[in-house]
Student: 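Mind looking over this structure? Questions follow.
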There are 2 protein chains.
Amino acid sequence: MEARRVQQAGRRKKQHTMADVARAAGVSKSTVSRAFTQPEMLGTETVERIAAIAKTLGYVPNHTARALSTGRHGNLALIVTDVANPFFPPLIRAAQMEADGSDFCVFLGNSDENPRQEDKLVDRFVSQVEGLILVGSRLGAERIQHHAGRRPLVLINREVTGIPRVLIDSTTGVRQAIAHLAALGHRHIVYVSGPSSSWANRQRRNALRLAARQHGIEVDVLSARVPSYESGRAVVAELIESRATAAVAFDDLIAQGIMTGMAERGIPIPEAFSLVGCDDVLGAATYPSLTTVSNRSDEAGRAGVTLLLDRLSGRMAGDTRVVLDTHLVVRQTTAAPASGQRRQGG
Amino acid sequence: MEARRVQQAGRRKKQHTMADVARAAGVSKSTVSRAFTQPEMLGTETVERIAAIAKTLGYVPNHTARALSTGRHGNLALIVTDVANPFFPPLIRAAQMEADGSDFCVFLGNSDENPRQEDKLVDRFVSQVEGLILVGSRLGAERIQHHAGRRPLVLINREVTGIPRVLIDSTTGVRQAIAHLAALGHRHIVYVSGPSSSWANRQRRNALRLAARQHGIEVDVLSARVPSYESGRAVVAELIESRATAAVAFDDLIAQGIMTGMAERGIPIPEAFSLVGCDDVLGAATYPSLTTVSNRSDEAGRAGVTLLLDRLSGRMAGDTRVVLDTHLVVRQTTAAPASGQRRQGG
DNA sequence: CTGTTAGCGCCTTCAA
DNA sequence: TTGAAGGCGCTAACAG
């Protein structure tokens with residue numbers, strides 16, 4: 001009794017319902033409902049009268065009840081691996097704005113690079129969204145397919161056949177990066193890898209290996225595991241040990257960490273070591289400014305939402321695949337290798 | 001008829017409902033419901049059996065139906081002015097994780113520095129959330145109070161009496177910055193202001209003016225309006241014209257823009273001009289690395305959610321006010337003014 | 001054009 | 001400890 005009262009007190013001032021409006025207007029609930037969802041079915045004056053009454057009453061249709069009855073929520077979920085990684089904010093922002101343009105609300109989920117967490121988030125969102133977007137999902141293909149069976153699903157930077165996806169194709173940019181390093185005279189480089197379950201990471205590694213082979217460049221791979229400033233800094237010791245003359249990092253954060261680590265050891269970039277990042281999220285903030293493979297993650301976000309919305313309105317086939325190009329932005333962290341080093345490398 | 005079929009086809013494979021689980025377990029719906037919400041009311045084995053069956057069936061309680069029936073959605077909304085501003089991602093991330101720990105889903109809204117958009121977002125969220133968090137709201141006090149009357153509301157970096165809020169207090173850090181500049185010998189500085197409707201901006205400006213007066217430092221104010229790299233760069237011409245020897249920028253993005261603008265004009269920082277940022281979101285990425293007022297925006301996000309959740313569970317009085325300190329991080333963009341400039345300034 | 005009647009899936013009294 | 005029944009607010013047939 002006591003507890004119940006507390007709970008009721010906790011409840012907000014009760015909103016008016018359709019029944020209130022109907023009573024005040026002397027019509028039935030259905031008519032009120034129609035006045036909001038299919039006004040063209042009603043007499044003009046009826047609609048206006050109901051609208052006026054609703055307004056004075058401060059009536060607002062209940063989103064939840066409507067959703068339960070129609071199965072349409074007007075929500076969608078965006079799940080990313082790490083909100084704070086600068087790759088994501090522009091993507092999130094663009095997705096957000098795009099959804100907003102179609103009156104959709106967006107749930108944001110942060111999986112923290114953890115597949116289990118990602119699963120949990122999907123489960124939690126799935127019953128209240130129209131569809132979901134997974135960015136750089138760390139989930140296995142079968143899990144993804146499972147989820148896709150429950151709700152329309154779009155992937156960003158993850159490739160699973162049969163599921164609509166938008167892919168930022170690093171291949172073009174990475175090829176340019178290798179060509180650039182080759183032209184400068186590098187013969188032995190390192191790829192500093194990111195998370196092994198990341199599609200982007202695999203794609204970059206493979207593209208790099210292929211291009212390097214074509215240019216006769218030797219490639220070592222070191223792993224930074226987590227894409228962060230710290231792990232970039234931590235990998236520097238190994239990097240030096242490798243005796244390579246240049247490195248391509250999985251992303252700009254790692255690259256920035258490497259720059260710091262190199263600076264701490266008094267190794268000047270680009271004079272003694274060349275470095276290329278990926279993503280171009282730091283702008284020209286680092287010094288020297290970072291040569292990097294640029295991508296427009298905001299476009300990926302926008303495209304993801306568009307794809308999902310199209311799919312929802314039935315305007316789209318199942319296996320769409322949107323590919324966004326990348327390109328190398330040459331700034332100041334790449335140069336010809338020091339001659340002494342070049343000998344070592346060969 | 002045709003249309004209906006299309007719609008049904010569009011509907012996903014129907015999720016299992018409580019009734020399915022009940023049937024499979026040979027119990028009633030109520031029992032299944034209780035197994036999920038008040039297991040202690042049931043026999044241990046009953047609960048386990050139901051849980052097992054639910055699991056094999058892949059049953060997930062329907063969030064929407066539950067919300068309709070209880071009035072509790074398990075959602076909350078976080079509205080920020082610009083997702084892509086590096087100040088926000090850590091805050092968002094922390095808020096996100098904190099909410100997650102209490103099984104809440106979070107809606108993210110991007111107001112784009114626009115009060116109308118902010119209002120719109122609130123309206124759209126309000127009927128499906130337990131409460132909202134507004135970060136750096138650009139809304140008038142009366143609008144905020146209006147919204148707070150509909151749902152529990154927490155403010156971050158916005159002060160409205162009577163509404164729970166967490167404030168990142170730049171005063172302490174700004175004071176340190178002024179003391180630092182004064183000690184270096186600066187006598188005439190500029191505050192490069194951010195959005196005029198921003199609480200943080202007003203607070204920083206006022207704190208700066210006060211501290212400057214105490215140190216006998218002259219202060220001009222220039223406005224960058226939008227907190228971005230570009231607007232920082234755009235303000236540089238005026239900045240030079242002012243003949244001040246140092247500037248404190250509303251945030252690090254503006255400061256970074258100023259650095260670029262100065263570099264373009266061949267004015268070396270800190271030799272010819274000293275610069276202090278706010279927020280400390282760039283790390284040591286700029287060159288020279290930026291002296292700035294540090295704040296931990298992630299703590300603000302976490303605190304905001306905690307405050308809201310506490311309020312929801314009735315554990316909290318109305319007018320809570322959490323204040324987070326800041327402090328100056330001296331790096332490389334501040335130095336004594338050139339002697340010629342100092343004369344001009346006095 | 002408008003009213004009537006069933007649900008949507010779940011929670012929550014009230015009985016047993 | 002469990003079941004039956006009603007309702008949360010709205011939409012969507014089906015009549016009229």
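Each chain gets a letter, A, B and so on, in the order its sequence line appears, and its residues count up from 1.
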Student: Taking DNA chain C as the partner, which of residues 55-66 of chain B come within under 4.0 angstrom of it by heavy atom?
Tutor: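 Heavy-atom contacts with DNA chain C come from B:Tyr59, B:Pro61, B:Asn62, B:Ala65, B:Arg66.
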Student: I'd like to know if the side chain of B:Thr56 and the backbone of B:Ile53 have a donor-acceptor N/O pair within less than 3.5 Å.
Tutor: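 The answer is yes, because a donor-acceptor pair under 3.5 Å joins these two groups.
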Student: Counting distance only, does the side-chain N/O of B:Arg165 pair as donor-acceptor with the main-chain N or O of B:Ile163 below 3.5 Å?
Tutor: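 Pair found, side chain donor or acceptor close to backbone of B:Ile163.
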Student: Could you tell me whether a side-chain N or O of B:Asp298 sits under 3.5 Å from a main-chain N or O of B:Ala94, the two making a donor and an acceptor?
Tutor: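 No; zero donor-acceptor contacts below 3.5 Å.
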Student: Is the side chain of A:Thr70 donor-acceptor paired with the backbone N or O of A:Arg66 at a distance under 3.5 Å, no angle test?
Tutor: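 Yes, because the side chain of A:Thr70 sits within donor-acceptor range (under 3.5 Å) of the backbone of A:Arg66.
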Student: Tell me: NE2 of A:His16 to P of D:dG9, nearest whole Å?
Tutor: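 Distance, rounded to whole Å: 12 Å.
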Student: Can a side chain N or O of B:Ser33 be found less than 4.0 Å away from OP1 or OP2 on C:dC11?
Tutor: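 B:Ser33 to C:dC11 OP1/OP2: side-chain N or O found under 4.0 Å.
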Student: If you compare all heavy atoms of A:Ile156 against all heavy atoms of A:Leu91, which two are closest, and at what distance to 0.1 Å?
Tutor: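 That would be CG2-CD1, 4.3 Å.
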Student: Using modelled atom types only, decide if a donor and an acceptor are shared between the side chain of B:Ser102 and the backbone of B:Ala99 within a distance under 3.5 Å.
Tutor: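 Side chain of B:Ser102 to backbone of B:Ala99, a donor-acceptor pair under 3.5 Å: no, none is there.
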Student: N/O contacts under 3.5 Å, protein versus nucleotides 5-7 of chain C?
Tutor:
none

Student: To the nearest 0.5 Å, what is the distance between CD1 (A:Ile144) and CG (A:Leu155)?
Tutor: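 Between A:Ile144 CD1 and A:Leu155 CG, I get 4.5 Å after rounding to 0.5 Å.
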Student: Looking only at non-hydrogen atoms, find the nearest pair between B:Ser127 and B:Arg124 and report the distance.
Tutor: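 Between these two residues, the closest heavy atoms are OG-O, 4.5 Å.
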Student: Describe the nucleic acid contact of A:Val27 in one word from base, sugar-phosphate, nothing, applying a heavy-atom distance below 4.0 Å.
Tutor: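 The answer is sugar-phosphate, as A:Val27 gets under 4.0 Å only of primed atoms, P, OP1 or OP2.
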Student: Between atom CD1 in A:Ile50 and atom P in C:dC1, what is the gap in whole Å?
Tutor: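 Checked: the CD1 to P distance equals 14 Å.
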Student: Got a donor-acceptor contact below 3.5 angstrom from the B:Arg151 side chain to the B:Val129 backbone?
Tutor: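 Checked: pair present.
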Student: Which pair of heavy atoms, one from A:His73 and one from A:His63, lies closest together, and at what distance?
Tutor: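 Minimum heavy-atom separation between A:His73 and A:His63: O-NE2, 2.6 Å.
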Student: Rounding to a whole Å, what distance do you find between B:Gln128:CD and D:dC10:P?
Tutor: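 Spelled out: CD on B:Gln128 to P on D:dC10 is 14 Å.
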Student: Which whole-number value in Å describes the distance from A:Met18 CE to D:dA12 P?
Tutor: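 Interatomic distance, CE of A:Met18 to P of D:dA12: 11 Å.
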Student: In residues 34-45 of chain B, what residues come within less than 4.0 Å of DNA chain C, judged by heavy atoms?
Tutor: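 Output list: B:Arg34, B:Thr37, B:Gln38.
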Student: If you look at every heavy atom in A:Phe125 and A:Leu108, which pair is closest and at what distance?
Tutor: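 Smallest interatomic distance, heavy atoms only, reads CZ-O, 3.8 Å.
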Student: Is the phosphate of C:dC1, meaning OP1 or OP2, less than 4.0 Å from a side-chain N or O of A:Thr46?
Tutor: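 It does not, given that no N or O in the side chain of A:Thr46 lies less than 4.0 Å from OP1 or OP2 of C:dC1.
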